[in-house]
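A short write-up of the structure that comes next.
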Amino acid sequence: METYRHDVAGDPVTVHVPQTRADLDAFRAWLTEAERRGPIALDTETTGLDVYSPGYRLRTVQFGDAFTAWVIPWERGPAFQSAARAALRRVPRFLIHNAPFDWAVLDAHAGVPLESLAPRTTDTRLKAGLLDPRQPQEGGIGTGLKPLSAYWVDPSAPDTQGDLTQVFRSLGLTKATGWAAIPLSNAIFALYAGLDVIYTARLDPVLTRELDRLGVRPTLVQYEHELARICTTMQRAGMVLDQDYVRELSASLTDEEHHFADVARRYGVENVNAPRQIAEALTGMGEHLGERTASGAVKVDKAVLSALADLSLQGERLHLRTPNPLAEAVIRSKRAGKWRSAYADTFLEVMDAQGRVHPFINSMQARTGRMSVTRPALQTLPSSDQMIRRALLADPGHVMISVDFSAIEMRVLAGLAGVARMKEGFLRGEDIHWFTARLVKGDGATEKDRKVFKGAGFSKVYGGGVRTAARQTGASEEAMRRAFAEYDRLYPEIKRASARWQREAFESGMVTVSATGRRLPLDRDRTYAVVNYQCQSAARDCLGQALLNIEDAGLLDMLKLPIHDEALLSAPREEAQDVARAVEKAMTFDLFGVPIVAEAEIGGRSWGSLYGADY
DNA sequence: TCCCTCACG
DNA sequence: ACGTACGTGAGGGAC
């Protein structure tokens with residue numbers, strides 16, 4: 001047995017690394033005692049983060065309580081694996097920090113299904129996020145094990161991940177190669193692997209106590225665990241990549257990038273991604289660049305360049321001036337380069353041996369609880385045309401179905417703020433912006449009026465002002481000022497709710513509590529954001545409820561992605577109509593007297609087919 | 001690591 | 001006192 005000793009919050013703790021069969025017997029004996037006393041903390045060390053990439057390996061599985069950790073060297077062979085697997089299958093309660101990662105690892109590489117592990121798991125990261133969802137950059141503790149341990153357990157908790165980077169360097173390894181190559185016998189690696197479970201074990205009771213103290217309901221904690229499981233199920237299924245298409249796409253984008261970079265070079269711009277060079281060259285061509293960035297640099301973003309190129313933001317010719325050829329070349333080269341590297345090449349890089357991509361879905365990422373998707377960031381693929389989304393396919397024999405909530409944030413606002421006349425509009429099944437426009441302008445209301453009141457409505461949801469709303473809609477500031485006044489007259493409850501939410505936040509440590517009991521910290525200098533936080537968060541929980549309803553309808557296996565106000569599914573072609581109707585039903589419910597409704601669109605095999613012609 | 005830019009809801 | 005568009009992930013340059 002290799003044994004390491006350490007001090008955690010003044011207590012001596014022990015980390016064991018079994019080497020022999022007798023050592024494994026000692027582990028089993030400890031586990032039998034420990035699982036009787038309470039939940040067992042669990043963690044894994046692996047070769048990296050891309051769980052589904054070819055060659056990925058599980059290296060160790062760690063079990064522990066507040067005083068003792070066992071680092072089981074999975075990769076050392078069958079005896080170690082069966083001891084770990086038996087423990088994984090038997091222990092009634094596990095504590096995991098960031099459970100979706102370990103669920104995915106153990107499901108894919110240890111033969112312990114997500115369906116078995118998830119119901120036995122408490123995720124300390126989810127609990128910490130419900131206490132305070134802010135990242136360190138936003139003034140929060142963050143949801144990493146290290147900062148949480150340092151805050152709640154022991155201020156001298158080591159940065160186990162960061163310190164290991166140093167160890168990797170001393171061994172001639174890097175952050176990228178270290179996790180796969182470091183010997184299991186490395187003392188710091190083994191000690192830190194063990195300490196992580198000890199910290200997790202100590203974190204959980206503190207977080208439970210704090211959640212209880214602040215009145216966060218256990219049902220909310222449970223709900224988040226269900227959503228995390230559903231999102232990990234989607235990640236495991238992944239999406240089929242059209243590899244031939246992506247390879248051709250990557251090549252053609254490379255051509256476009258280079259062609260327009262050559263054009264830019266003729267005007268003296270060596271690098272189209274260097275704003276300073278572009279500003280200099282354009283100024284040299286006699287262009288006047290008036291706009292500045294926040295830090296005072298000359299602004300040369302797409303809006304500035306498009307105007308010079310005589311193009312709208314959508315790329316249509318405006319016929320307002322002589323197009324500046326450099327501006328157009330920069331726009332096109334940059335766009336092609338970004339689409340290639342961020343999308344096409346990333347798809348190929350992260351796909352598994354079967355040609356599927358498995359995006360990581362963080363079920364509770366944003367301050368408002370909104371979900372995020374990374375590697376690849378499938379929530380932010382270009383939607384202006386189907387070029388990128390065309391690369392992702394429904395399962396074999398399936399078609400893509402997208403089901404969107406209709407005007408979810410406006411409905412949520414009407415419900416949360418109790419906006420009587422707005423509720424009335426929704427109950428009548430009307431388009432809310434037409435409804436508003438007609439309340440003000442009567443039957444003579446025009447498309448333009450609708451646009452102005454839509455802008456006013458968005459401003460309410462985002463906490464925006466007259467000037468921004470005018471800029472966004474293209475209306476004059478005077479017209480927008482009148483629209484705001486009409487809005488406040490028709491729907492006075494919104495201002496009242498905003499004032500109430502801000503007052504309540506001031507009285508409770510700058511935290512506004514959402515309709516589902518979620519704690520949403522407000523920034524002291526922008527309390528107006530409270531309306532947005534309430535709306536965005538409640539809308540997120542509508543999507544969360546929809547995902548639970550979709551699972552209850554037996555359609556979890558068809559789910560592909562959550563996209564804020566949309567569920568994306570892949571369904572057998574001949575069942576598509578039935579599935580679409582069932583998902584619409586799962587996304588239809590009442591929220592404080594406001595009907596929440598959704599509309600399905602059935603596409604073809606590719607996701608892109610929902611954004612243009614079918615393929 | 002920060003800043004700028006740009007993709008989405 | 002007044003007014004403030006919200007939330008993300010990612011690439012690439014400059015330091």
Mind listing the side-chain donor-acceptor pairs of residues 377-384 of chain A below 3.5 Å, one per line with the distance, residues two or more places apart or on another chain?
unit_1, atom_1, unit_2, atom_2, d
Q379(A), OE1, V373(A), N, 3.4
Q379(A), NE2, P562(A), O, 3.0
T380(A), OG1, A377(A), O, 3.1

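Note on E138(A): only backbone sugar-phosphate atoms sit closer than 4.0 angstrom, heavy atoms only; bases stay farther off. If you check every strand for non-hydrogen atoms under 4.0 Å, Q365(A) touches sugar and phosphate atoms only. Contacts of Q379(A) with the nucleic acid, taken as non-hydrogen atoms under 4.0 Å apart, involve only primed sugar atoms and P, OP1 or OP2.
An OP1 or OP2 oxygen of dT8(C) is reached within less than 4.0 angstrom by no side-chain nitrogen or oxygen of R540(A). OP1 or OP2 of dT5(B) has not a single side-chain nitrogen or oxygen of R335(A) nearer than 4.0 Å. Contact annotation: T380(A) side-chain N/O to dA7(B) OP1/OP2 distance is not under 4.0 Å. OP1 or OP2 of dA7(B) lies within a sub-4.0 Å distance of a side-chain N or O belonging to K302(A). Considering only side-chain N and O atoms, S372(A) lies under 4.0 angstrom from the phosphate OP1 or OP2 of dG9(C).
Evaluation of the side chain to side chain donor-acceptor pair (under 3.5 Å) rule for T160(A) yields D196(A) as partners, not counting sequence neighbours. By the side chain to side chain contact (heavy atoms under 4.5 Å, CB included) test, A469(A) pairs with S459(A), M480(A), F484(A), sequence neighbours left out. Residues forming a salt bridge (charged side-chain N to carboxylate O under 4.0 Å, His left out) with E349(A) (at least two apart in sequence, or on another chain): R375(A). In this structure D132(A) satisfies the salt bridge (charged side-chain N to carboxylate O under 4.0 Å, His left out) test together with R134(A), sequence neighbours excluded. Annotation: side chain to side chain donor-acceptor pair (under 3.5 Å) contacts of K560(A) (sequence neighbours excluded): D395(A). When the side chain to side chain donor-acceptor pair (under 3.5 Å) test is applied to R276(A), no partner is found at least two apart in sequence or on another chain.
Counting only heavy atoms from C-beta outward, the side chains of V298(A) and P275(A) never approach each other to under 4.5 Å.
For the segment residues 450-464 of chain A, residues with any heavy atom less than 4.0 angstrom from an atom of DNA chain C are, sorted by number, F458(A), S459(A), Y462(A), G464(A). Only at 4.0 angstrom or more do the heavy atoms of residues 251-268 of chain A sit from any atom of DNA chain C, so none qualifies.
Residue pairs that meet the side-chain hydrogen bond (donor to acceptor under 3.5 Å, both in side chains) test with at least one member in residues 404-419 of chain A, sequence neighbours left out, are S402(A)-D404(A), S406(A)-R411(A).
Per the geometry, CD belonging to Q135(A) stands 18 Å off P belonging to dC6(C), to the nearest Å. Note: CZ (F360(A)) to P (dT8(C)) measures 15 Å, nearest angstrom.
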Do nucleotides 10-15 of chain C as a string where each nucleotide becomes B, S or -: B if the base has a protein heavy atom under 4.0 Å, S if just the sugar-phosphate does, - if no protein is that close. SSSSSS
Here DNA chain C, pairs taken as Watson-Crick or G-U under 3.5 Å and shown with ( ), [ ] when crossing and | when to another strand, reads .....|||||||||.
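In summary, R496(A) and E493(A) do not engage in a salt bridge, as defined by a charged side-chain N under 4.0 Å from a carboxylate O.
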